[in-house]
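Keep in mind it's a predicted model, so treat the numbers as computed, not measured. For this chain, numbers begin at 1 and follow the sequence in order.
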Amino acid sequence: MKKNVKRKRKSGTKILVLLWVLVFLIIGFELVFRNEIKFITLDYLSRVSTCEIGKVKEKERSGMKTVSLEEFLNYENVTVDESLLLVNEKHKLSEIYSPQTVYHEERNVEMNVCAKDSFDDLSEALYAETGETLFISSAYRDFEKQKEIKKEEGETAQNPGCSEHQTGLALDVFVKNFAGESFIKSPSGQFINENCGDYGFIIRYTFFGKEKTGISYEPWHLRYVGLPHSKIISNSKITFEDYIDFFELGKFYTYENYIITRQSTKNIFVPKSFNRAVVSEDNTGAVMITFETE
């Protein structure tokens with residue numbers, strides 16, 4: 001009786017070991033032979049090792065002056081845009097919210113005015129690298145259009161007011177023969193995922209960020225945030241939600257030749273001198289200000 005039990009245990013152990021070996025062989029096969037899986041894995045490891053957010057350092061507030069936000073926005077070297085609006089189920093846009101958009105004739109879509117030049121630069125870089133044209137399947141859509149999409153697609157679509165497309169900052173892109181989930185299988189999709197951070201864009205819904213964003217990996221969904229933010233986010237294992245949370249209200253941070261701060265919408269602190277600045281509401285009740293010092 002005991003011998004039979006031992007034999008069964010040994011047999012069960014062998015089966016378990018064989019199952020694990022099979023699992024590892026399948027994973028190994030996927031990594032070696034499926035180009036997109038290999039790319040995603042290496043891309044993830046690269047972001048973890050680079051960790052660009054670690055180069056963002058807190059800065060003392062000495063040498064700053066106090067001005068009202070209203071006064072600051074009238075400075076000649078200050079630009080106001082919507083590049084750092086956080087939009088999700090927690091931070092929604094109102095039904096009447098309408099961004100500053102521009103019509104892109106070549107792509108036949110409306111997009112946020114602050115994203116157009118950067119999109120054109122990214123498109124040119126992609127064409128130079130792969131010879132492919134970067135098309136847009138979806139860009140700006142208003143609250144009412146999102147209501148229609150939600151009604152048609154159900155749970156797969158975001159609720160009205162929760163879609164970044166309402167900002168005009170989100171672009172769903174594709175190239176010939178590769179759209180949606182298959183985008184990452186193409187050399188063009190991999191180029192965009194790897195390099196969009198150099199052109200002001202991020203992959204908004206990353207393969208490691210569903211816990212924070214609530215949305216699975218969408219390698220085709222670009223989101224404009226502007227430089228240097230796109231570079232920091234893209235080269236770190238963080239989501240846009242993580243990035244906004246990183247900046248404590250009223251504190252200053254440095255990164256390369258930039259000073260970044262998140263402040264209230266009343267009186268603010270600013271450096272006594274700077275070359276230019278970009279101000280964007282963050283949709284949490286504060287503003288993000290990015291100073292360029294050189």
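- More than 12 heavy atoms of other residues, nucleotides or ligands lie within 6.0 Å of NZ in Lys116, so this atom counts as buried by the packing criterion.
- When the shell of 6.0 Å around CZ of Phe208 is examined, it contains more than 12 heavy atoms from other residues, nucleotides or ligands.
- Atoms CZ and CD, on Arg276 and Glu292 in that order, are 5.5 Å from each other to the nearest 0.5 Å.
- Between the side chains of Glu89 and Asn159, a donor-acceptor pair is found at a separation under 3.5 Å.
- A salt bridge links Arg204 to Glu164: one of the charged nitrogens lies within less than 4.0 Å of a carboxylate oxygen.
- No side-chain donor-acceptor contact under 3.5 Å links Thr239 and Thr213.
- In this structure, Phe240 is not a member of the same hydrophobic cluster as Leu169, with clusters built from ILVMFWY side-chain heavy atoms closer than 4.5 Å.
- Residues satisfying the salt bridge (charged side-chain N to carboxylate O under 4.0 Å, His left out) criterion with Asp43, sequence neighbours excluded, are Arg47.
- When all heavy atoms of Pro99 and Glu82 are compared, the closest pair comes out as CA-OE2, 3.4 Å.
- To the nearest 0.5 Å, the span separating OG on Ser98 from CZ on Phe143 amounts to 13.0 Å.
- The two residues Ala157 and Ile149 have their closest heavy-atom pair at CB-CG2, 3.9 Å.
- For the atom pair Leu86 CG and Glu281 CD, the distance stands at 12.5 Å (nearest 0.5 Å).
- Taking the six-membered ring where tryptophan is involved, the planes of Tyr243 and Phe247 are perpendicular, since the angle between them exceeds 60° and thus also 30°.
- Side-chain contact between Cys196 and Ile203: present, with at least one pair of heavy atoms (C-beta onward) separated by less than 4.5 Å.
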Derivation and outcome, side chain to side chain contact (heavy atoms under 4.5 Å, CB included), residues Lys237 and Cys51: CA-CA 7 Å; Lys237 186 185 149 298; Cys51 194; over 6 Å; no
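- Counting heavy-atom neighbours within 6.0 Å of Glu106 CD, excluding the residue itself, gives a total of 12 or less.
- In terms of hydrophobic clustering, with Ile, Leu, Val, Met, Phe, Trp and Tyr side chains grouped at heavy-atom distances under 4.5 Å, Val173 and Tyr224 are assigned to a common cluster.
- Annotation: side chain of Val87 is not in contact with side chain of Lys92 (no heavy-atom distance under 4.5 Å).
- Side chains of Asn112 and Gln100: a donor-acceptor N/O pair is absent below 3.5 angstrom, by distance only.
- Contact check for Tyr127 versus Glu132: no side-chain heavy atoms found under the 4.5 Å cut-off.
- For His104 and Asp120, the side-chain atoms include at least one donor-acceptor pair closer than 3.5 Å.
- His229 and Thr290 share a side-chain donor-acceptor pair at under 3.5 Å.
- Hydrophobic cluster membership is shared by Ile238 and Ile202, with clusters built from Ile, Leu, Val, Met, Phe, Trp and Tyr side chains linked at under 4.5 angstrom.
- The ring pair (Phe, Tyr, Trp, His ring centres under 6.0 Å) with Tyr44 is formed by just one residue from the set Tyr217, Phe39, Phe207; it is Phe207.
- Taking the six-membered ring where the residue is Trp, the centroids of Phe135 and Phe174 are separated by under 6.0 Å.
- Using a 3.5 Å distance cut-off with no hydrogens or angles, the side chains of Arg262 and Thr284 do pair a donor with an acceptor.
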Could you please spell out the steps behind the side-chain hydrogen bond (donor to acceptor under 3.5 Å, both in side chains) verdict for Glu70 and Ser68? CA-CA 5 Å; Glu70 183 180 3; Ser68 70; 5.3 Å; no
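- The shortest heavy-atom contact between Ser188 and Thr130 is OG-OG1, 3.2 Å.
- For Ser83, the side-chain hydrogen bond (donor to acceptor under 3.5 Å, both in side chains) criterion is met by Asp81, not counting sequence neighbours.
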Any chance you could lay out the side chain to side chain contact (heavy atoms under 4.5 Å, CB included) test for Tyr103 and Thr101, step after step, and finish with the verdict? CA-CA 7 Å; Tyr103 179 67; Thr101 62; over 6 Å; no
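- Linking Ile, Leu, Val, Met, Phe, Trp and Tyr residues whenever their side-chain heavy atoms come within less than 4.5 Å leaves Val278 and Val225 in two separate clusters.
- The hydrophobic cluster around Val78 extends to Met64, Val67, Leu69, Phe72, Leu73, Tyr75, Val80, Phe252, Ile259, Ile268, Phe269, Val270, Phe274, Val279, Val287, Ile289, Phe291, counting ILVMFWY residues whose side-chain heavy atoms fall within less than 4.5 Å of a member.
- Minimum heavy-atom separation, His165 to Ala139: ND1-O, 2.7 Å.
- Note that CD1 of Ile232 and OH of Tyr253 are 12.0 Å apart. Values are rounded to the nearest 0.5 Å.
- Between Ile184 and Glu218 there is no side-chain heavy-atom pair separated by less than 4.5 Å.
- For Glu148, the CD atom sits in a packed shell: over 12 heavy atoms of surrounding residues, nucleotides or ligands are nearer than 6.0 Å.
- Residue Lys212 holds its NZ atom at 7.0 Å from CG of Asp245, rounded to the nearest 0.5 Å.
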Show, in sequence, the C-alpha distance, side-chain angles and deciding distance for Met111 and Val102, and conclude whether the side chain to side chain contact (heavy atoms under 4.5 Å, CB included) test is met. CA-CA 6 Å; Met111 63 175 66; Val102 62; 4.3 Å; yes
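- The minimum heavy-atom distance between Pro219 and Phe183, with the atom names listed, is O-CD2, 3.5 Å.
- Closest approach of Ile260 and Pro228 over heavy atoms only: CD1-CG, 4.2 Å.
- A donor-acceptor contact under 3.5 angstrom links the side chains of His221 and Asp172, judged on distance only.
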Side chains of residues 53-61: which donor-acceptor partners sit under 3.5 Å, not counting sequence neighbours?
from	atom 1	to	atom 2	distance (Å)
Lys55	NZ	Glu52	OE1	3.3
Lys57	NZ	Gly54	O	2.9

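- When hydrophobic clusters are built by joining Ile, Leu, Val, Met, Phe, Trp and Tyr residues whose side-chain heavy atoms come closer than 4.5 Å, directly or via intermediates, Ile40 is grouped together with Val175.
- Residues satisfying the side-chain hydrogen bond (donor to acceptor under 3.5 Å, both in side chains) test with Lys90, not counting sequence neighbours, are none.
- For the atom pair CD1 (Ile233) and CZ (Phe201), the distance works out to 13.0 Å, reported to the nearest 0.5 Å.
- Donor-acceptor pairing under 3.5 Å is lacking for the side chains of Glu294 and Tyr258.
- The hydrophobic cluster around Leu42 extends to none of the other residues, as no ILVMFWY side-chain heavy atom falls under 4.5 Å of it.
- A salt bridge is absent between Asp198 and Lys231; no separation between the charged side-chain nitrogens and carboxylate oxygens falls under 4.0 Å.
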Passes side chain to side chain contact (heavy atoms under 4.5 Å, CB included), Leu122 versus Leu222? Steps please. CA-CA 11 Å; Leu122 179 59; Leu222 298 182; 3.9 Å; yes
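- Ionic pairing of Glu155 and Lys150 is not present here: no N-O contact between side-chain nitrogen and carboxylate oxygen is shorter than 4.0 angstrom.
- Enclosure of atom CD in Glu181 is not indicated, since only 12 or fewer non-hydrogen atoms of other residues, nucleotides or ligands lie within 6.0 angstrom.
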